[in-house]
Structure formats: C-alpha cells, structure tokens
Amino acid sequence: MQGIAEKLEWIQLSLGYFLPELMLCISVLVLLLASLFTKAQGRVTDTVALSFFTGTFILSLLQYHEVSYNIPLFSGMLRLSNFPIYLKILIDLAAVLTVLLSYSQQERKGEYYALIATATLGAHLLVMSSHLVMAFLALELISLPSYALAAFGFQKKSMEAALKYFLFGSVASAIMLYGMSMLYGQTLTLDFTSTEFVQAIFSGQNYFLIMSVCFVLVGFLFKMSSAPVHPWAPDVYEASPTPVVAFFSVVPKLAGLGILIHFVQVLNMNGSSSIRWYVIISLIAMLTLIVGNFAALLQKNPKRMMAYSSIAQSGFLLIGAITLTEQGIVVMLYYATAFLLANYLVFWYIAYFERQAVVEIGDYAGVGRTYPYASIMLLIGLVSLTGLPPTAGFMAKLFIFSSLWTSYENTQAIIYLMVFFVGLLNTVVSLFFYLKIPYQAFLKAESQPLTIKKSVLVNFFGLIVVIMLLVLFFMPSGLMGWLNRINFAF
C-alpha cells in the first residue's frame with residue numbers, strides 16, 4: 001500500500017503529463033461561468049470554446065512528440081503512450097470541428113460547450129485507462145453529458161431519443177460493471193495491465209472468463225454503436241442537433257475503440273491465450289457491418305442513414321482489434337483519421353441544407369444544379385465514406401483489406417478470410433445508400449424552389465477538409481510514416 005507522501009508524489013509527477021485534460025477541466029468551469037454571467041451568448045461563447053479546444057488539440061500534438069514510451073500516471077490508473085495520444089489528437093480535432101459546426105446554431109449556450117468539453121475529457125481518460133474502475137468512470141463521464149446533449153434540440157422527439165439513449169446506456173453500463181466484478185473475482189485486481197491480472201487470466205482460460213469479458217465488452221461496444229448494442233443510434237441521430245450527431249459519430253466511437261484494443265491486447269497475451277479472442281471480435285465486426293449497411297439501404301432520412309453508416313464504419317474500425325498486429329492497428333488509425341474528416345464533411349453539409357428545410361433525402365432533388373459547390377462537397381464526403389478514389393477513404397479501406405489479407409496469409413485462420421469477404425460485400429452495398437443523396441441532387445429535377453443562403457464559413461472549412469481528404473489519397477505515406485512511429489506496448 002502506498003502512503004500519503006507517495007500518492008502526492010505520484011500526483012505531482014503525473015500532472016505534468018496531464019495538461020490537455022487540465023485544459024478541458026478549466027474550459028468546463030469557464031464555459032459554465034460564462035453561461036451564468038454573460039447575457040449575450042453569441043460569438044463570444046463560440047470563440048471561447050473554440051480557443052479552449054484548439055489549445056487542447058495543440059497540447060496533445062506537443063505531447064505526441066514528447067512521449068515515446070509508456071508512462072504510468074496517478075498510481076497506474078492511467079497509462080500514457082503515443083497510441084492513446086494520437087487518439088486524443090483525433091478526439092480534440094473532432095471537438096474543434098464540432099464548435100465550428102455549432103457556429104450556425106441559433107441557440108449558443110455555455111452549458112452546451114461545457115457538456116462537449118466534459119465528454120471530450122471522458123474520452124481522453126478512457127483511451128488512457130489501464131484500470132477497470134477508471135475505465136468505468138471515464139465511460140460514464142462520456143455518457144452522462146451525451147444524454148443531455150441528445151436532448152439539446154429541446155423538442156419532444158429529441159427528449160424521447162435522449163431517454164432511449166439513457167435507458168440503453170444504463171443497461172450497458174450495468175452489464176459492463178457486472179462483468180468487471182466477475183473479472184475481479186477471478187483475478188483479484190482491477191488493473192488489467194498488471195502481471196497479476198495476466199497471470200490469473202492465463203491460468204483461468206474457461207467459459208466463465210469468456211462470459212465476463214463479453215459483459216465488459218458490452219460497455220465498450222455501446223460507445224462504438226456496434227451491433228448488437230446499436231438500436232439507440234438511429235433515433236438519437238435523427239432527433240439530436242446535427243453538430244451533436246457529428247460529435248457522437250466520432251468521439252465516443254474512438255474512445256471505445258482505444259480502450260477495447262488495449263483490453264483485448266492484454267487478454268490475447270501476445271498470442272499465447274488459448275481463447276481465440278479475435279474470433280469473437282470478428283463475429284461482432286461482421287454482424288456490425290451487415291446490420292449497419294443493409295439497414296442503411298432502407299432509410300429516407302439522411303441523419304438516420306448516417307446513423308447506420310456510423311454503425312457499419314464501427315465494423316471496419318474493429319478490424320484493428322481483430323488482427324492485433326502493430327500494422328493492423330496503424331491502418332486502423334489511418335482509417336479513423338479518414339473517417340473523421342469525411343464524416344464531419346458530410347454532417348457539415350447536411351446541417352447546411354437542413355437549415356433550409358432540406359430534411360429528407362427526397363428533398364435534395366435538383367440541389368446539385370442550383371447549389372453545385374455545396375453538393376460537390378457533400379458528394380466528396382460520401383464518396384470517401386464509401387471508399388472510392390480519389391479520396392482518403394479509398395486508401396483507408398485498401399490498407400484495411402491488405403492488413404486482413406496479410407493476417408490470413410500469416411495464420412491461415414479462415415475467420416480472417418470471412419471478415420475480408422464480408423467487408424468487400426458491404427463496401428459494394430454501401431454504394432447504394434451513400435450515393436442516394438448525390439443521385440437526388442444531380443440526376444433528379446428540383447421538386448421545390450430553394451432559397452439557400454450561402455455561407456462563407458461553411459464553404460471555407462468544407463474546402464479545407466476536402467483538400468485534406470485528397471492529400472491523404474495522393475500522399476498517404478506522410479500520415480503512415482507518422483503512425484509507424486507509434487509504440488503499442490501497454
């Protein structure tokens with residue numbers, strides 16, 4: 001047991017590596033105070049929030065270059081390496097883009113940005129967690145603000161969606177907590193990176209262990225909106241404000257993915273485990289791909305379609321946890337980067353058209369001729385999510401499938417081949433729903449005259465994201481070289 005002096009020393013040493021999280025804590029306090037004492041909450045609140053999130057993003061970037069090895073923080077409750085730091089960079093970038101997307105909202109409140117900052121802080125903690133209690137607390141720190149954000153439309157439909165989200169989240173958290181208690185009963189420790197945990201797992205390879213782990217995975221998969229714990233996503237995406245939906249589609253997903261990969265890495269014990277965990281994750285990934293893509297075919301609302309798209313994208317992201325090789329995780333991070341950019345680009349222009357009463361997919365008829373610039377930007381985002389050239393999405397899926405094929409050649413495990421062909425099939429299926437909006441926009445006659453106000457801010461940042469997607473296609477080696485420096489030891 002550590003004494004008070006040792007614990008205080010741990011805290012003092014850890015705070016130096018905790019600057020991005022401290023920035024987020026300060027931002028929550030400042031934004032809440034701003035909402036109390038500032039009468040006119042307009043561009044000032046937006047600018048304050050943007051400044052804090054940009055500062056957090058810069059601090060995470062600096063941390064990525066400073067940290068090259070695994071650093072335990074706060075008595076080992078958290079562990080910092082450049083793998084979770086890269087995920088934190090993506091999470092912070094998503095927070096910045098969410099603020100920019102929220103500039104067009106009529107109601108701007110300090111509470112809104114404080115909730116986003118709190119969820120972002122929870123995502124930071126979750127990707128760094130090495131202790132099951134910390135993982136649970138971090139996951140709840142993401143969940144509780146998310147429930148409130150889902151209701152921020154202040155309409156009956158958004159309230160109902162938030163309640164559904166809360167009920168599903170409560171059940172998922174309860175199941176996960178029960179699984180953690182069962183794991184503690186088998187290992188007598190909650191530090192899943194400790195030698196005691198690994199030894200206990202190695203000596204207790206049985207069906208009870210599989211059940212315990214599956215219960216824990218329920219909580220992580222819920223954050224990723226993966227099947228079979230996905231039914232909350234379509235209603236929440238459809239009813240919530242579009243900036244909130246864009247945030248939900250990326251931040252909790254990346255946080256859940258980070259902790260899941262760390263957890264499964266430990267369970268796999270460098271391939272010495274007698275339980276084939278990659279088979280369980282592969283089955284979940286295939287189910288997620290099939291459910292997400294085929295359900296998306298039936299949707300008539302773009303946000304609901306993007307909800308099922310997000311579910312399907314979780315299936316591709318899970319491939320990083322299937323191969324459990326450094327190269328597999330690297331290409332997963334590349335995929336996550338391309339997915340983040342394309343996803344925000346699509347939601348950017350869905351929100352742009354939504355403000356002009358273009359709500360259903362059928363309402364996009366003819367807008368490609370009337371408003372070609374915005375329609376082309378939206379088309380590029382959807383093409384990237386599909387995985388077609390010349391966008392980053394094509395390179396991301398190419399790397400994912402190459403990683404899967406390499407794993408199959410090295411292990412001859414038939415499950416890798418199954419995931420490979422299911423992934424290819426679902427990529428073809430995704431063409432039919434991702435191109436629904438471009439089909440309406442460019443090939444259908446305009447059903448009603450639209451008076452869409454042009455937005456310089458939307459088009460400027462849309463252009464920047466498009467350029468980034470094109471650069472990642474033509475010069476993928478730049479980002480891949482950056483990612484290949486990551487140390488995945490945990």
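The closest side-chain heavy-atom distance from Y64 to L61 is not below 4.5 Å. Residues Q327 and N484 have side chains in contact (heavy-atom distance under 4.5 Å, counting atoms from C-beta outward).
When the shell of 6.0 Å around CE of M480 is examined, it contains more than 12 heavy atoms from other residues, nucleotides or ligands. Residue R485 qualifies as enclosed at atom CZ: its count of foreign heavy atoms under 6.0 Å is above 12. Summarising the local packing, OH of Y184 is surrounded by 12 or fewer heavy atoms from other residues, nucleotides or ligands at distances under 6.0 Å. Remark: Y334 OH is packed, more than 12 non-hydrogen atoms of other residues, nucleotides or ligands lying under 6.0 Å away.
Side chain of S402 to backbone of L398: a donor-acceptor contact under 3.5 angstrom is found. Proximity of a side-chain donor or acceptor of S27 to a complementary backbone N or O of L24 within less than 3.5 Å is detected. No donor-acceptor pair closer than 3.5 Å links the side chain of S173 to the backbone N or O of S170. Side chain of N410 to backbone of T406: a donor-acceptor contact under 3.5 angstrom is found. Between the side chain of S130 and the main chain of G76, a donor-acceptor pair closer than 3.5 Å is present. A distance-only check finds a donor-acceptor pair linking the side chain of K303 to the backbone of S240 [under 3.5 Å].
Among all heavy-atom pairs drawn from P231 and K164, the shortest one is O-NZ, 3.7 Å. Considering all non-hydrogen atoms of both residues, A285 and G315 come closest at CB-O, 3.8 Å. Between L78 and L125, the shortest heavy-atom contact is CD2-O, 3.7 Å.
E140 contributes atom CD, which lies 10.0 Å from atom OG of S146 (distance to the nearest 0.5 angstrom). Rounded to the nearest 0.5 angstrom, M306 CE and T242 OG1 are separated by 11.0 Å. With rounding to the nearest 0.5 angstrom, the CG atom of L126 is 9.0 Å from the NZ atom of K223. Rounding to the nearest 0.5 Å gives a distance of 8.0 Å between CG of L404 and OG of S282.
Checking T187, T195, T193, T189 one by one against D191, the side-chain hydrogen bond (donor to acceptor under 3.5 Å, both in side chains) holds for a single residue, T193. Here the options are F166, Y165, Y147, F168, the test is ring pair (Phe, Tyr, Trp, His ring centres under 6.0 Å), and the partner is W232; only Y165 passes.
The closest side-chain donor-acceptor pair between T386 and K397, if any, does not fall under 3.5 angstrom. Q313 and K253 share no side-chain donor-acceptor pair at under 3.5 Å. For Y416 and T411, the side-chain atoms include no donor-acceptor pair closer than 3.5 Å. Using a 3.5 Å distance cut-off with no hydrogens or angles, the side chains of S249 and Y237 do not pair a donor with an acceptor.
Remark: aromatic rings of H262 and F83 are close, center separation under 6.0 Å. Remark: aromatic rings of Y408 and F420 are distant, center separation not under 6.0 Å. Proximity of the aromatic rings of F74 and F18 is defined here by a centroid distance below 6.0 angstrom, and this criterion is met. In summary, the aromatic rings of F192 and F263 are positioned with their centroids under 6.0 Å apart.
Here side chain to side chain donor-acceptor pair (under 3.5 Å) pairs that include residues 211-222, with residues two or more places apart or in two chains, are Q186-S212.
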